[in-house]
Amino acid sequence: MTTDNSRKIKRIRGALLQATGALAIIFTLGACTTTTVDEFRQGATGIESHESIVILGRRQGSTYETREEFVNCVGQRVSRGAAGIRVIPEKEFIDSLFPWFEPRTAPLRTADLQVLMEEPLVSQKIADYGIRYIVWVDGQTETSNRMGSISCAVGPGGGGCFGFGSWEDDSNFDARVWDVSSFASVGTISTDATGQSYLPAVVVPIPLIARVEANACNSLAVQLQQFVNGD
Amino acid sequence: MIRVKKLKTVVIASLALFISSCGVNSVVVQGSYPSPNIRQIPLAVGVYYGDELRNFSYTEYSETGKEEYKVDSGLTHIQLFGSVLPAMFARVVVLDELSDATSAGVDAVFAPSIEEFQLALPQKTRLDAYEVWVKYNMRLLAPDGGYIADWVVTSYGKTPTESMRSVESGINDATVGALRDLASNFSLSFGSVPEVRDWLASKQ
């Protein structure tokens, strides 16, 4: 009798694991991200080996601010590879040029940059860093369409979760490129990434997360690298 | 006997945990402030931090009127001015008393004070950010205590909510953001305050 029961339990466990595996495969295929990148070129670009760029996040908005982690992600990817560009870290640049690039004081237009560069201490620091382009990244990731519910329970014989949840992430970022030598905007790269994430739970919750912001970062960085190099 | 001892320990530990969970959460604001890159004024100023600024503390109350968060920012304000003022003036002397100004040989005495501090928590505003507003009263006095200028500076800082960020960390970062805003606003607008501008002109 005991042997029969343990066999039954084993069978149920096996079936549950198989179901979980199947769900994981189905939703891994489903948890994809769609990314669109647009480039708008206003002027010629190119960069010498001794020159660098700085990528800064816009933080003037009242409802959101560009996350420092996203800006750092773009910077790290732009500096990678054979065509990598020297990128000055955002925090280092802002602290070094304090108080000129704070949310309240940062130039909003290229004309403001021209006025700012008349300040000898600012122009000297920028020249010391060898900065050719300032890239302003502006955007955010929004989560919407949250659906489903998961309930978990713990008893004397063990615990488990059952249910299903899903949500959609939408990352929208713009990168405006300013040429420091001509005080002109030379172009804008926009990226829009969307993806659906799933969280099925059959005993164990299996997060199937769409890497929306990471894909937006990758796409933006690749395009930005090509843009600045003048490819 | 051993069982009674164990029970006592458990009861005491539970009580301590219960009391600590009911108490006010204290945030001692900590941040680092860069030195501003601005043209230095070739004058000597004394700076006087009153006890109100040194020990400044703000308490945020819950909707039921209980003390929820206590934000201590006096020391970090002194640290901020300690970073900003030496970049603005050729010589800075910290004064224990306002009456020490004449013997310190300074051109003026700067005495900042906090008039108002406001904190907005995401759980109350339903926004995805911690926000801090601070209103300061800045006074510039002659070494003999006479009036030179008196003006108001406001600052604002915010930091977004994140899944792994504690409330204390959010409050700290928003306050540091407000202090950086104060430093940038104060250092860049100092010479534009009409009375200060007249005083600077008289010193040339």
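Chain identifiers are assigned alphabetically (A, B, ...) following the order of the sequence lines, protein sequences preceding nucleic acid strands; residue numbering begins at 1 within each chain. What you see is a predicted model; the values in this text were computed from it and never measured.
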Minimal heavy-atom distance between P99(A) and I38(B), with the atoms involved, is CD-CG2, 4.2 Å
Heavy atoms of R104(A) and S155(B) approach each other most closely as NH2-CA, 3.8 Å
Within a 6.0 Å radius of atom [atom1] on [X], are there more than 12 heavy atoms belonging to other residues, nucleotides or ligands?
X: E52(B); atom1: CD; value: no
X: R77(A); atom1: CZ; value: yes
X: R165(B); atom1: CZ; value: yes
X: E162(B); atom1: CD; value: yes

message: So V122(A) and N37(B), do their side chains get closer than 4.5 Å, heavy atoms only?
response: no
Taking the side chain as C-beta and beyond, is there a heavy-atom pair between E119(A) and R39(B) under 4.5 Å? yes
Starting at [atom1] of [X], measure out to [atom2] of [Y] and round the result to the nearest 0.5 Å.
X: S184(B); Y: F101(A); atom1: OG; atom2: CZ; answer: 13.0 Å
X: E68(A); Y: T159(B); atom1: CD; atom2: OG1; answer: 9.0 Å
X: F98(A); Y: S35(B); atom1: CZ; atom2: OG; answer: 9.0 Å

Turns out that what part of L121(A) lies under 4.5 Å from chain B's heavy atoms comes down to side chain
Okay, Q140(A) and chain B: the region with an atom under 4.5 Å from a heavy atom over there is neither
Applying a strict 4.5 Å limit to non-hydrogen atoms, the region of L188(B) in contact with chain A is side chain
task = Would you check, one step at a time, whether the test side chain to side chain contact (heavy atoms under 4.5 Å, CB included) holds for R180(B) with I94(A)?
result = CA-CA 11 Å; R180(B) 280 183 76 115; I94(A) 291 177; 3.6 Å; yes
